[in-house]
Amino acid sequence: MIQKIMKSALCISALIAAPAMAQDAVGTLPEANSGDSAWLLTASALVLMMTLPGLALFYGGLVRAKNFLSVLVQCGAVAALASVIWIIMGYSLAFSANGNGFLGSSENFMFNGLLGSIREGQTTGALAFALFQMTFAIITPALIIGAWVERARFGWVVAFSGLWSLLVYVPVTRWVWGNGFLAEQGVIDFAGGIVVHTTAGVSALIVALMLGKRVGFPKTLMLPHSPALTVAGAGLLWVGWFGFNGGSALAANDAAASAIINTHIGASAAALVWLLIERIRVGKATAVGFATGAVAGLATITPAAGVIGPGGAMILGILAAIICFWFVGIVKGKLKIDDSLDVFAVHGVGGILGSVLLAVFASKALGGAGYAEGTDMASQLWVQLKAVTLVAVYSAAATLIIGYVVSKLIPMRVGEDQERDGLDLSSHGERAWDLD
């Protein structure tokens, strides 16, 4: 009898103590750093600004007046669709704790379980991190728009972009940033040279080949209708890139400051060198050249921004201008591929260049952050080359399949008469400008 009473007393004591014990357990959980979280939320807004309105204006100014509105609508539609996909399943498949080295699980579908939690090794809330990563998922498929402007059917654009986001962007994100198999091999991609620019750039080249040339290309001169809007868009991209690269430090610290400084000096060097090349080659330094050079520098510095010094960033900017300018001539001039707004030559080549050369400029002897234990320049270079090659091949193959499958349901191109009329009127029934 006494034993039963003692057992009952112990059970009651345990029940009374349980809330206090739980409270103690909760109290020991790490709390999100408010300063770091505030920076990540700010960076998220900056990166979203890169797509809406930065990229929209940058691309929109480069097309002819009759197609300006179509670029804005496509950027908006792709951003909206990518956001929905990311929240429903994209984030979970890329970043969930469970899953494997190739794809995550369904545990965080609809952002389930993120509120009030912190990802391991980070100081910001998981929800803020998911939001920040969503802005990357938005801009990456939007970059490809530059390859198909002035001729792609809107329905095909939306369907292709949705499938591409899910089948290309999400898996590659898992491999590189979601503790996937490439991350386990030691690949470095600070802010998206592989995940963003290699995937989008290579896919843009494939799409341009599949779609074919615009009517009149390359014989008809297709001048940008508003270099002013392009420069304004490039300015928004430049400022937004501070959030793109600086935010990738995931904290408000010296790592973020270093990434932003490297971003700025890389873009500055590339813009100046591009202007110099134009002055030598064509006799005039152009506004569009300045904008394009800056974006080439920004794309190139992205994967390396957090692991190199300002000197390395300046050299990367110079190389970005020289090599990307050369590739623009190769793709459009020699190969006659109508990658309309030079997505591959600027973003693809720039991202690949930075992803590979960071292995060199990360050296402490060159002002970089150094290498992981047991890694040197040669081994890091090999890892970077393998990762870039694998992602490029996967992106090309997947894009080819997705584009082909979607085209069986929705034709890729508008009709020739619609193309001549312009997509603003033929696809959307509106005009951006009064052309009369």
Side-chain angles (χ1 to χ4, degrees), residues 25-48 83 86-87 89-101 103-140 169-196 240-260 262-263 302-307 362 369-370 372-373:
V26 171
T28 61
L29 290 174
E31 294 183 0
N33 181 290
S34 59
D36 292 342
S37 296
W39 166 233
L40 203 60
L41 294 174
T42 302
S44 299
L46 288 170
V47 181
L48 181 60
S83 300
W86 188 251
I87 291 173
M89 66 180 72
Y91 173 82
S92 188
L93 294 176
F95 286 106
S96 61
N98 295 314
N100 53 49
L103 206 61
S105 69
S106 62
E107 63 185 294
N108 298 128
F109 275 16
M110 296 297 293
F111 280 8
N112 178 57
L114 300 187
L115 183 63
S117 66
I118 298 177
R119 283 179 59 82
E120 184 178 354
Q122 295 177 5
T123 59
T124 60
L127 201 57
F129 176 77
L131 171 66
F132 179 64
Q133 289 297 335
M134 182 175 71
T135 61
F136 282 69
I138 287 169
I139 196 170
T140 307
Y169 181 78
V170 167
V172 174
T173 301
R174 178 70 175 190
W175 304 346
V176 178
W177 288 340
N179 298 320
F181 75 97
L182 290 179
E184 291 175 352
Q185 294 178 25
V187 69
I188 298 173
D189 185 7
F190 185 75
I194 298 174
V195 176
V196 176
W241 231 291
F242 281 22
F244 197 90
N245 289 354
S248 293
L250 303 180
N253 54 21
D254 277 352
S258 177
I260 290 172
N262 290 334
T263 299
T302 290
V307 297
E373 186 177 351

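In what follows, every heavy atom counts, from backbone to side chain, and hydrogens, waters and symmetry copies are set aside.
Going from atom CG of Leu182 over to atom CD1 of Ile194 covers 7.5 Å, rounded to the nearest 0.5 Å. Rounding to the nearest 0.5 Å gives a distance of 9.0 Å between CZ of Arg119 and OG1 of Thr124. A distance of 6.5 Å separates CG in Asn253 from CG in Asp36, rounded to the nearest 0.5 Å. Atom OG1 of Thr173 sits about 10.5 Å away from atom CG of Leu103, to the nearest 0.5 Å. Leu131 CG to Thr135 OG1: the interatomic distance, rounded to the nearest 0.5 Å, is 6.5 Å.
Here the shortest heavy-atom pairing between Ser37 and Gly125 reads OG-N, 3.9 Å. Here the closest non-hydrogen pair linking Ala43 and Gly243 is CB-O, 3.6 Å.
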Check against side-chain contact (heavy atoms from CB on, under 4.5 Å), Val307 and Ile188 = CA-CA 9 Å; Val307 297; Ile188 298 173; 4.1 Å; yes

Thr140 vs Val195, side-chain contact (heavy atoms from CB on, under 4.5 Å): CA-CA, chis, key distance, verdict = CA-CA 8 Å; Thr140 307; Val195 176; 5.8 Å; no

inquiry  = side-chain contact (heavy atoms from CB on, under 4.5 Å), that's the test. Do Phe132 and Ser248 meet it? Break it down for me.
reply    = CA-CA 9 Å; Phe132 179 64; Ser248 293; 4.0 Å; yes

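Here the side chain of Asn179 pairs no donor or acceptor atom with the backbone of Glu184 at under 3.5 angstrom. Side chain of Asn108 to backbone of Phe111: no donor-acceptor contact under 3.5 angstrom is found. Between the side chain of Ser117 and the main chain of Leu114, a donor-acceptor pair closer than 3.5 Å is present. Of the possible polar contacts, none joining the Asn245 side chain to the Thr263 backbone as a donor-acceptor pair under 3.5 Å is found. In this structure, Ser92 contributes its side chain and Ser105 its backbone to a donor-acceptor pair below 3.5 Å.
Between Trp86 and Phe95, the ring planes are perpendicular. Angles over 60° get that label, and only those under 30° would be called parallel.
Thr123 has its side chain out of reach of Leu250: every pair of non-hydrogen atoms, C-beta onward, lies at least 4.5 Å apart. The side-chain heavy atoms of Ser96 and Arg174, taken from C-beta on, include a pair separated by under 4.5 Å. Side-chain contact between Leu93 and Phe109 is present, with heavy atoms from C-beta onward closer than 4.5 Å.
A ring-ring contact (aromatic ring centres under 6.0 Å, His included) with Phe136 is found for exactly one of Tyr91, Phe244, Tyr169, namely Phe244.
In this model, a donor atom of one side chain and an acceptor atom of the other lie less than 3.5 Å apart for Thr302 and Trp241.
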